[in-house]
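Have a look at the structure below before the remarks.
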Amino acid sequence: MIRNLLFDLDETLFDFHRAEAIALHRALKSQGVTPTEEITRRYREINDGQWKRLELKEITRDEVTLGRFGILFWEFGIDASQEAMRDAYEGFLGEGHYYIAGAEALLERLAPAYRLYLVSNGTARVQRSRIASAGLEKYFREIFISQEIGHNKPDRAFFDFCFARIPDFSREETVIVGDSLTSDIRGGNNAGIRTCWFNPAGKENTVGTHVDWEIARLDELPGIWEAF
């Protein structure tokens, strides 16, 4: 029987890319930089790469949050402060929460029947602000954010911290639901729990992580558990 559902936040429950694009444009303008599609596209590539390096423990969180803007500014010849850009971006990002289609209805349906927990690698002040503005706390027994814990997904230490705070915890009764193969699904593999990959774009699994279930829409989720 499944009792514990661990949900990733960004690109699983929240449309992070939409919030990211809006915050980036506002932050660039605040620093006197005109946003362009090329800058936005390249920022996303750099940002994704930096977070992947953090998952692999190659760089620190500060090197992610500052370094991504340093790389971007260097490539485009932008004369602006990395620190000021980071602070502006995170401030604007903390204001934006946009649900993935079906996410709020799913949480309403699952919260009475399962123990829900939120597991995020995001920056604490940004995530706490977005979670509060969306009113997500009412659905979750506890919210785990990697910066507050001191370990990042997919590190097993992150999950060990979470598991120690879940009453009567059992790995056999636990599933992680997330969009990232390298963070959520690999983290679930490392922690010895079942995994559900939210894959609306129909991407191919090229990283060798084991996926127990795969869904393209969030409303498929309850059917999977009921069939299990």
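We use all heavy atoms of the structure for the numbers below, so side chains are in, but hydrogens, waters and symmetry mates are not. Numbering of residues begins at 1 and proceeds along the displayed sequence.
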- request: Answer yes if the side chains of E172 and S170 hold a donor-acceptor pair under 3.5 Å, and no otherwise.
  value: yes
- prompt: Does a side chain donor of either D15 or H17 reach within less than 3.5 Å of an acceptor in the other side chain?
  reply: no
field: Results of salt bridge (Lys or Arg N to Asp or Glu O under 4.0 Å) for E58 - residues two or more places apart only
entry: R53
Heavy-atom pair with the smallest gap, counting every atom of V33 and P35: O-CD, 3.3 Å
Residue from R130, R125, R26 passing salt bridge (Lys or Arg N to Asp or Glu O under 4.0 Å) with E95: R26
message: Looking only at the side chains, is there a donor atom on one of S146 and R61 sitting less than 3.5 Å from an acceptor on the other?
response: yes
message: I'd like to know if the side chain of D179 pairs up with that of T12 as donor and acceptor (distance under 3.5 Å, no hydrogens or angles considered).
response: yes
query: Do N190 and R156 have a side chain donor and acceptor closer than 3.5 Å?
result: no
task: Could you tell me whether the side chain of E90 and the main chain of D87 form a donor-acceptor pair under 3.5 Å?
output: no
- prompt: Sub-3.5 Å donor-acceptor pair from the side chain of T174 to the main-chain atoms of I2, do we have one?
  reply: no
message: Working to the nearest 0.5 angstrom, can you tell me the gap between F14 CZ and F7 CZ?
response: 13.0 Å
task: Consider only side-chain N and O atoms of T182 and E55, and report whether a donor and an acceptor are under 3.5 Å apart.
output: yes
field: Pairing of E45 and R41 as salt bridge, 4.0 angstrom limit
entry: yes
message: Students often mix this up, so state it plainly: with edges at 30° and 60°, are the rings of H97 and Y99 parallel, tilted or perpendicular?
response: perpendicular
query: Judged by atom type as modelled, is there a donor-acceptor pair below 3.5 Å linking the side chain of N199 to the main-chain atoms of K203?
result: yes
query: Is any NZ, NE, NH1 or NH2 atom of the basic residue among D155 and K57 found under 4.0 Å from an Asp or Glu carboxylate oxygen of the other?
result: yes
- prompt: With a 3.5 Å cut-off and no angle check, do the side chains of N121 and Q147 form a donor-acceptor pair?
  reply: no
query: For A191, does its backbone N or O pair with a side-chain atom of R171 as donor and acceptor, under 3.5 Å?
result: yes
- request: Taking the six-membered ring of Y98 (Phe, Tyr or Trp), confirm whether the NZ or CZ of R18 is under 6.0 Å from its centre and within 45° of its axis.
  value: yes
message: Measuring centre to centre across the rings, with the benzene-like ring taken for any Trp, is F69 within less than 6.0 Å of Y43?
response: yes
Derivation of the salt bridge (Lys or Arg N to Asp or Glu O under 4.0 Å) call for R3 and D168: CA-CA 10 Å; R3 297 177 67 203; D168 303 317; 5.0 Å; no
query: Atom CD1 in I59, atom CG in L54: separation rounded to 0.5 Å?
result: 6.0 Å
- line: Interatomic distance, OG1@T40 vs CD1@I22, rounded to 0.5 Å, equals 11.5 Å
field: Validation row: E214, C196 side chains within 4.5 angstrom (heavy atoms)
entry: no
message: Could you go through L72 and I39, starting from their C-alpha distance and side-chain angles, then the distance that decides it, and tell me whether this counts as side-chain contact (heavy atoms from CB on, under 4.5 Å)?
response: CA-CA 8 Å; L72 185 73; I39 289 175; 4.1 Å; yes
query: Can you list the other members of the hydrophobic cluster that holds L56, where links are side-chain heavy atoms under 4.5 angstrom apart?
result: none
query: Under a 4.5 Å side-chain heavy-atom rule over Ile, Leu, Val, Met, Phe, Trp and Tyr, are W51 and F16 clustered together?
result: no
Qualifying ring pair (Phe, Tyr, Trp, His ring centres under 6.0 Å) pairs, either residue in residues 120-164, two or more places apart: F163-F169
message: Counting only heavy atoms not in K138 (residues, nucleotides, ligands), do more than 12 fall under 6.0 Å from its NZ?
response: yes
- request: Kindly indicate whether the side chain of L118, heavy atoms from C-beta on, has any atom under 4.5 Å from the side chain of L9.
  value: yes
- prompt: Any Lys/Arg nitrogen of R165 or E142 sitting under 4.0 Å from an Asp/Glu carboxylate oxygen of the other?
  reply: no
task: Apply salt bridge (Lys or Arg N to Asp or Glu O under 4.0 Å) to the pair R86 and E83, showing each step before the final yes or no.
output: CA-CA 5 Å; R86 176 198 60 191; E83 290 81 3; over 6 Å; no
message: In the structure I gave you, are the side-chain heavy atoms of D8 and L13 within less than 4.5 Å of one another anywhere?
response: no
